[in-house]
Amino acid sequence: MKSNYLYSVTDKALYDGLNQHKITSNHIVDMFLKRGVLVSKQTLKKSLAQSFCRYHHDYYDHQLIAEVLGMTPRKEKITSSFIKTECKADDFWSAAEDLKKKIINNNDQCNIYSESGSIIIDITYSSLHYEKSEFNQIVKKNAKIEIIKKDDKYIIRRPDNEKMDDYVDDILNTLSAFFKTVVA
């Protein structure tokens, strides 16, 4: 089981998840077929769900159900910071590489690339919501941090949430270890 889950899904929670309207009979039939079990497409969905809950289920079954039942993340607002510093683009690139190591150590994904003279840090991470039901607790999100050079300052654009604020703070702390950085 992945470390992002608070607990393992029970048979009751699995049964309730399989009986939601977003899960079709075809989804359940496909899950049976992955186990090598043939079932009729005319079998009622409740009966299929009840039978499937008696089987051993694993992380991949839970992910499949969570993918269908999961929330679709809405687009977040973007915020910008203006940084006046002695740093060069290579210094920002090095700080981004340090951030990438930290993100990967947290079992998230990160890519860094350059586009039109800007540094783009593309992050895919999981956001936890413990107040949601078992299959809706984890929401996969994608965010981009853009570092743009404009005249004598840098503009850092990112989604306006706490996790991205922390990541930008990590970049600035790495830079401030080498240079005097002033946030305007």
Side-chain angles (χ1 to χ4, degrees), residues 1-79 96-113 115 120-146 157-171:
M1 189 60 62
K2 289 276 189 180
S3 63
N4 289 346
Y5 275 105
L6 180 61
Y7 52 87
S8 179
V9 176
T10 63
D11 293 343
K12 170 75 169 105
L14 182 66
Y15 177 77
D16 291 343
L18 290 174
N19 278 309
Q20 296 213 8
H21 70 280
K22 288 184 179 179
I23 300 283
T24 65
S25 293
N26 288 338
H27 286 114
I28 302 172
V29 168
D30 288 342
M31 292 171 74
F32 272 111
L33 287 175
K34 287 181 183 174
R35 288 182 161 66
V37 178
L38 298 175
V39 293
S40 171
K41 290 198 178 204
Q42 282 83 27
T43 306
L44 295 174
K45 181 178 164 183
K46 283 190 177 212
S47 178
L48 288 173
Q50 190 174 28
S51 296
F52 188 81
C53 291
R54 293 182 183 139
Y55 282 76
H56 290 286
H57 36 88
D58 61 7
Y59 169 78
Y60 300 104
D61 295 327
H62 297 177
Q63 284 303 104
L64 178 77
I65 296 167
E67 199 173 288
V68 175
L69 293 178
M71 303 177 341
T72 53
R74 58 178 196 208
K75 189 161 174 75
E76 294 181 292
K77 293 180 181 178
I78 302 293
T79 187
E97 288 290 341
D98 288 347
L99 177 64
K100 179 179 178 177
K101 289 175 190 171
K102 179 182 177 184
I103 292 169
I104 290 173
N105 285 338
N106 288 336
N107 294 324
D108 292 326
Q109 298 172 345
C110 181
N111 290 312
I112 303 170
Y113 57 93
E115 185 176 282
I120 310 290
I121 305 168
D122 190 0
I123 304 166
T124 302
Y125 64 99
S126 298
S127 177
L128 297 175
H129 301 279
Y130 292 120
E131 70 277 1
K132 304 284 185 191
S133 70
E134 290 87 348
F135 292 109
N136 294 332
Q137 283 183 357
I138 298 177
V139 178
K140 284 230 179 236
K141 292 186 175 184
N142 187 278
K144 290 183 181 179
I145 299 174
E146 294 180 72
R157 293 178 51 195
R158 68 188 183 290
D160 192 14
N161 66 45
E162 188 176 326
K163 192 156 197 153
M164 293 302 115
D165 289 344
D166 291 343
Y167 287 157
V168 169
D169 287 344
D170 286 346
I171 290 171

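Taking CD1 of I120 as the start and CZ of R157 as the end, the distance is 8.5 Å to the nearest 0.5 Å. Here the straight-line distance linking atom CG of L14 with atom CD of Q50 works out to 12.0 Å at 0.5 Å rounding. Within the model, atoms CG of N161 and NZ of K141 stand 6.0 Å from one another, a figure rounded to the nearest 0.5 Å. Separating the NE2 atom in H56 from the CG atom in D61 is a distance of 12.0 Å, to the nearest 0.5 Å. Here the NZ-CD distance, from K100 to Q109, works out to 11.0 Å after rounding to the nearest 0.5 Å. The distance from the OG1 atom of T24 to the CG atom of L18 is 10.5 Å, given to the nearest 0.5 Å.
Side-chain N or O atoms of N106 include none that pairs as donor or acceptor with a backbone N or O of D108 at under 3.5 Å. Between the side chain of S47 and the backbone N or O of L44, no donor-acceptor pair lies under 3.5 Å.
A pairwise comparison of heavy atoms in A143 and Y125 identifies CB-CE2, 4.0 Å as the closest pair. Looking at every heavy atom in both residues, H27 comes nearest to K22 through CE1-O, 3.8 Å. When all heavy atoms of G17 and I23 are compared, the pair lying nearest together is O-CG1, 3.4 Å. Pairing each heavy atom of R35 with each of H57, the nearest pair is NH2-CA, 3.6 Å. Between P159 and M164, the shortest heavy-atom contact is O-CB, 3.5 Å. Closest approach of K45 and S25 over heavy atoms only: CB-OG, 3.5 Å.
Put simply, the residue from N142, I103, I112 that forms a side-chain contact (heavy atoms from CB on, under 4.5 Å) with I123 is I103.
Atom NZ of K163 has more than 12 heavy atoms from other residues, nucleotides or ligands within 6.0 Å. The number of heavy atoms from other shown groups lying within 6.0 Å of OH (Y60) does not exceed 12.
Under 4.0 Å is where a charged nitrogen must lie from a carboxylate oxygen, and between K12 and D16 at least one such pair does.
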Q: Could you walk me through whether K102 and D98 pass the salt bridge (charged side-chain N to carboxylate O under 4.0 Å, His left out) test, one step at a time?
A: CA-CA 7 Å; K102 179 182 177 184; D98 288 347; over 6 Å; no
Q: List the steps and the verdict of side chain to side chain contact (heavy atoms under 4.5 Å, CB included) for L33 and L38.
A: CA-CA 6 Å; L33 287 175; L38 298 175; 3.6 Å; yes
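With contacts defined as side-chain heavy-atom distances shorter than 4.5 Å, the pair R158/I121 does not qualify.
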